[in-house]
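What follows is one structure encoded as structure tokens, with my remarks underneath.
Source: prediction; values computed, not measured. So that the names make sense, note that chain A is the first sequence line, chain B the second, and so on, each numbered from 1.
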Number of protein chains: 2
Amino acid sequence: MLDQDLVSQEYFYNFLTGKYSIAVMRRLQRNLKEAGLSITSEQWSIMYNLWVEEGLTQQELAIRTFRDKPSVTRLINNLERLNLVIRVNDKNDRRSNLIYLTKIGRKMKEEGMKQANNTIEQALGGLTDDQIALSHTTLHRVLFNLK
Amino acid sequence: MLDQDLVSQEYFYNFLTGKYSIAVMRRLQRNLKEAGLSITSEQWSIMYNLWVEEGLTQQELAIRTFRDKPSVTRLINNLERLNLVIRVNDKNDRRSNLIYLTKIGRKMKEEGMKQANNTIEQALGGLTDDQIALSHTTLHRVLFNLK
DNA sequence: CGACACAAGTTGCGTAAACAACCATAACCA
DNA sequence: TGGTTATGGTTGTTTACGCAACTTGTGTCG
């Protein structure tokens, strides 16, 4: 491969190294902070899934956030320390923890989603609905390919 | 915002939480490992920029990889320990370090780029050139918006 | 029933991240 | 020229990640 190919394919390599994603997550982090929510974007991703559905197992959260089990264990540890979620041992399968939001965690939903939507608007500004929809298809395929 | 909106907009929130990027970077990591290259995907992103152009400052590497200065400092530390790069103090501006590849680092280019291209092929399999080009436009805009 | 595979979660270790504070050198400009 | 500002890099702290190894509890099947 020639050097000029390296450069012309820069987009692909930016994708490989997470450049786009770093940009988006950093902005989300900043927006959350400015809104007075002291959670990280990673913690947000757990909270988001619980806002959609409570009582998920850590395993299920790992799948939905595409993180591994140890990462989820530690994210839940930190969220529990912040009094945003609690672990409830599953009576039917004592291996599992079911994760529930606390009152504070539930109350955070409104502002948390607002900042998420802000971030998305900032990221996608100037793009048409068609462009966005097509990228959706593409990224969905990427996830399917790599799963 | 209603709960069903949460779900229908799932794509956006996956983007926010870096789900796509995690998938790609993890695959790159795996491909590198299977090819016998013991570097992380983050280290790869530094090496890639040096394969394109040697003698960059850490500041310039930070901009090109969209990472902050401390991250680059530590990535270079680790790459130096692996004997893949060296810091050379700039005679003209003694604040700067110019980063050069070692022989080993240069030799790694071929296999490193091969695995990167493998990863991209795996990620984009089944997508048309048009789809890919459009996503390129979209992601480029995202970066522009958030820069 | 009991051995064995499997699944959920945790812990250990090395690496990487953001942010803030800091040092050294260079550039600016009054 | 001398003080202020800006820039390149490092260090400290907390958080997060990936992988491997481990514990505990469930399911399976001879």
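When side chains are defined from C-beta on, B/Gln115 counts as touching B/Asn118, because their heavy atoms get closer than 4.5 Å.
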### Task
Please lay out, stage by stage, how B/Asn31 and B/Arg26 fare under the test side-chain hydrogen bond (donor to acceptor under 3.5 Å, both in side chains).
CA-CA 9 Å; B/Asn31 287 341; B/Arg26 204 179 288 174; over 6 Å; no
### Task
Verify side-chain hydrogen bond (donor to acceptor under 3.5 Å, both in side chains) between B/Arg95 and B/Asn89, making sure each step is shown before the conclusion.
CA-CA 8 Å; B/Arg95 290 171 303 180; B/Asn89 201 262; over 6 Å; no
Please tabulate the protein-to-nucleotide N/O contacts below 3.5 Å involving nucleotides 15-18 of chain D, giving atom names and distances.
{"from": "D/dA16", "atom 1": "OP1", "to": "A/Thr40", "atom 2": "OG1", "distance (Å)": "2.8"}
{"from": "D/dA16", "atom 1": "OP1", "to": "A/Gln43", "atom 2": "NE2", "distance (Å)": "3.0"}
{"from": "D/dA16", "atom 1": "OP2", "to": "A/Asn78", "atom 2": "ND2", "distance (Å)": "2.3"}
{"from": "D/dC17", "atom 1": "OP1", "to": "A/Arg67", "atom 2": "NE", "distance (Å)": "2.3"}
{"from": "D/dC17", "atom 1": "OP1", "to": "A/Arg67", "atom 2": "NH2", "distance (Å)": "2.9"}
{"from": "D/dG18", "atom 1": "OP1", "to": "B/Arg26", "atom 2": "NE", "distance (Å)": "3.2"}
{"from": "D/dG18", "atom 1": "OP1", "to": "B/Arg26", "atom 2": "NH2", "distance (Å)": "3.0"}
{"from": "D/dG18", "atom 1": "O6", "to": "A/Arg74", "atom 2": "NH1", "distance (Å)": "3.3"}

Distances under 3.5 Å only, N/O to N/O: pair up the protein atoms with those of nucleotides 23-25 of chain D.
{"from": "D/dG25", "atom 1": "OP1", "to": "A/Arg94", "atom 2": "NH2", "distance (Å)": "3.4"}
{"from": "D/dG25", "atom 1": "N2", "to": "A/Arg95", "atom 2": "NH1", "distance (Å)": "2.9"}

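Comparing A/Lys69 and A/Asp90 by the nucleotide of DNA chain D that holds the closest heavy atom to each, the one mapping nearer the 5' end is A/Lys69.
Note that the first and last nucleotides of DNA chain C, 5' to 3', having any atom under 4.0 angstrom from a heavy atom of chain B are C/dT15 to C/dA26.
Take B/Glu110 and apply the salt bridge (Lys or Arg N to Asp or Glu O under 4.0 Å) test, not counting sequence neighbours, and it matches no residue. The side chain to side chain donor-acceptor pair (under 3.5 Å) check on B/Thr128 picks up B/Gln131, with sequence neighbours excluded. Judged as a side chain to side chain contact (heavy atoms under 4.5 Å, CB included), and not counting sequence neighbours, the contacts of A/Ala23 are B/Phe66, B/Leu143, B/Leu146.
Residues A/Thr40 and A/Glu42 bring a donor and an acceptor atom of their side chains to less than 3.5 Å of each other. A donor atom on one side chain and an acceptor atom on the other are found under 3.5 Å apart for A/Thr138 and B/Ser135.
When each of B/Leu75, B/Thr102, B/Ile76 is tested with B/Val85 by the rule side-chain contact (heavy atoms from CB on, under 4.5 Å), just one qualifies, namely B/Ile76.
Between B/Glu80 and B/Arg74 there is no salt bridge, since none of the side-chain N atoms of the basic residue sits less than 4.0 Å from a carboxylate O of the acidic one.
In this structure, A/Trp44 and B/Tyr13 have tilted ring planes: the angle between them lies in the 30° to 60° band.
When heavy atoms are screened at a 4.0 angstrom cut-off, A/Ser96 is found touching the sugar-phosphate backbone but no base atom. No contact: A/Arg30 has no heavy atom under 4.0 Å from any strand.
As a whole-Å value, the separation of B/Leu98 CG from D/dG8 P is 12 Å.
Distances shorter than 4.0 Å separate some side-chain N or O of B/Gln58 from OP1 or OP2 on D/dT10.
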